[in-house]
Amino acid sequence: MSSVLRLKSLRFAWPNQAPILMIDQLELGPGDHLLIQGPSGSGKTTLLNLISGLQPGYDGTLEVAGQNLASMSSRALDRFRADQVGMLFQQFNLLPYLNLIDNVTLPCSLSALRRHRAGINGQCVEQEAERLLTRLQLDPALFRQRKVTELSIGQQQRVAAARALIGRPSLLIADEPTSALDTDSRDHFMQLLFEELNQSNTTLLMVSHDPALAKYFAQRLFLGRTASC
């Protein structure tokens with residue numbers, strides 16, 4: 001795959017309002033990492049929703065993993081998102097009644113492709129979930145004995161990251177994933193996240209207000225009146 005994300009002449013406006021997003025061109029390949037920054041109201045989260053297929057109504061070209069999202073039905077978008085996109089939300093959106101392993105393996109129950117990729121090294125999906133959780137430094141004693149509501153914020157964040165990473169999605173979208181972490185926890189999390197991303201060759205789009213994260217990214221997109229890289 002030569003391009004994981006391609007935007008051209010992308011414009012988005014809410015009804016009867018001026019455009020909040022105007023991006024002339026943006027292209028990311030496998031394994032690229034892009035940090036999206038800008039003031040509140042500049043369209044950062046809207047851009048993530050457009051790229052993930054959750055927000056319709058844009059003008060221009062938007063392709064993810066070689067697919068033109070505008071030409072896809074709602075059902076096809078749901079399937080495509082399950083197969084190709086990992087989501088890491090600011091509030092984590094973990095299922096409170098499930099343990100750690102069941103939360104992490106959830107994308108593989110929704111996507112045969114993610115399930116296949118999770119087992120690509122000869123292990124089952126649960127073993128891959130255990131590997132990711134261990135890699136993100138969670139205690140194996142927690143995996144099946146605790147519900148996610150019994151974890152600290154930092155632990156919940158790492159479970160959410162493992163869920164987003166499992167099955168090697170082409171694109172990982174992260175919206176302010178470190179906002180609840182202190183400086184040391186944030187830096188440690190970013191180092192572990194990038195190691196996993198590099199191993200799976202997954203492309204990352206991250207929105208953050210934290211200027212300290214810039215050191216982790218070779219590419220940045222600033223949103224405001226005019227988007228610029």
Side-chain angles (χ1 to χ4, degrees), residues 1-15 18-38 42-89 107-108 110-118 120 163-177 193-194 196-208 216-229:
M1 186 187 303
S2 60
S3 177
V4 173
L5 176 66
R6 190 171 77 90
L7 310 180
K8 187 173 182 181
S9 301
L10 184 72
R11 303 289 186 271
F12 179 83
W14 298 110
I20 63 168
L21 281 174
M22 296 182 292
I23 301 175
D24 290 334
Q25 188 164 343
L26 174 66
E27 187 163 352
L28 298 175
D32 285 347
H33 306 143
L34 177 69
L35 177 65
I36 303 170
Q37 298 174 296
S42 60
K44 300 185 299 298
T45 298
T46 299
L47 178 58
L48 296 189
N49 288 337
L50 289 170
I51 292 169
S52 62
L54 295 171
Q55 177 62 59
Y58 61 87
D59 294 319
T61 299
L62 198 170
E63 295 179 356
V64 179
Q67 298 294 314
N68 186 336
L69 301 192
S71 66
M72 302 174 74
S73 67
S74 295
R75 184 172 184 178
L77 275 171
D78 287 342
R79 172 56 57 198
F80 178 78
R81 191 163 40 244
D83 286 344
Q84 301 292 348
V85 182
M87 307 286 289
L88 182 50
F89 302 95
C108 296
L110 302 173
S111 168
L113 180 60
R114 295 275 290 272
R115 185 163 60 249
H116 169 73
R117 288 174 176 170
I120 207 164
R163 182 185 62 185
L165 287 163
I166 197 166
R168 299 173 180 256
S170 298
L171 177 66
L172 191 150
I173 292 176
D175 191 359
E176 299 281 3
L193 176 64
F194 270 71
E196 283 298 323
L197 289 168
N198 291 335
Q199 180 175 319
S200 62
N201 206 31
T202 294
T203 301
L204 172 67
L205 289 181
M206 182 180 290
V207 159
S208 180
Y216 294 100
F217 291 85
Q219 300 181 70
R220 289 183 283 168
L221 175 67
F222 297 88
L223 296 181
R225 291 187 178 274
T226 302
S228 61
C229 291

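Numbers here simply count residues along the sequence, with the first being 1.
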Query - Carboxylate-amine/guanidinium proximity below 4.0 Å for R81 and D78 - result: yes
Residue pair [X] / [Y]: nearest heavy atoms and the distance that separates them:
X    : Y    : value
G29  : V4   : C-CG2, 3.8 Å
R168 : S200 : NH1-CA, 3.4 Å
G31  : H33  : O-NE2, 3.2 Å
D24  : R11  : OD1-NH2, 2.9 Å
L35  : S208 : CD1-CB, 4.0 Å
P30  : S2   : CD-O, 3.9 Å

How long is the gap from [atom1] on [X] to [atom2] on [Y], to the nearest 0.5 Å?
X    : Y    : atom1 : atom2 : value
I51  : L26  : CD1   : CG    : 7.0 Å
Q84  : L171 : CD    : CG    : 9.0 Å
R117 : D83  : CZ    : CG    : 7.5 Å
I36  : L223 : CD1   : CG    : 6.5 Å
M22  : S9   : CE    : OG    : 12.0 Å
L48  : I173 : CG    : CD1   : 6.0 Å

Report task. Just jot down the ring pair (Phe, Tyr, Trp, His ring centres under 6.0 Å) partners of F217, sequence neighbours excluded, or say none. Result -> F194
Query - With F80 via ring pair (Phe, Tyr, Trp, His ring centres under 6.0 Å) - residues at least two apart - result: none
Query - salt bridge (charged side-chain N to carboxylate O under 4.0 Å, His left out) pairs, two or more places apart, involving residues 45-67 - result: R6-E63
Report task. Could you walk me through whether T46 and W14 pass the side-chain contact (heavy atoms from CB on, under 4.5 Å) test, one step at a time? Result -> CA-CA 10 Å; T46 299; W14 298 110; 4.0 Å; yes
Should [X] and [Y] count as side-chain neighbours, where that means a heavy-atom distance under 4.5 Å?
X   : Y   : answer
L47 : K44 : no
L21 : Y58 : no
L50 : L7  : no
L77 : L54 : no

Report task. Report the residue from V85, T203, L204 that forms a side-chain contact (heavy atoms from CB on, under 4.5 Å) with L172. Result -> L204
Query raised in the report: With distance as the sole test, does S111 use its side chain to make a donor-acceptor pair with the main-chain N or O of C108 at under 3.5 Å?
Result: no
**Report entry** Sidechain-backbone polar pair: R163 side chain, P107 backbone, donor-acceptor under 3.5 Å
**Finding:** no
Report task. Give the C-alpha distance, both sets of side-chain angles, the deciding distance and a yes or no for side-chain contact (heavy atoms from CB on, under 4.5 Å) between L5 and L34. Result -> CA-CA 11 Å; L5 176 66; L34 177 69; 5.6 Å; no
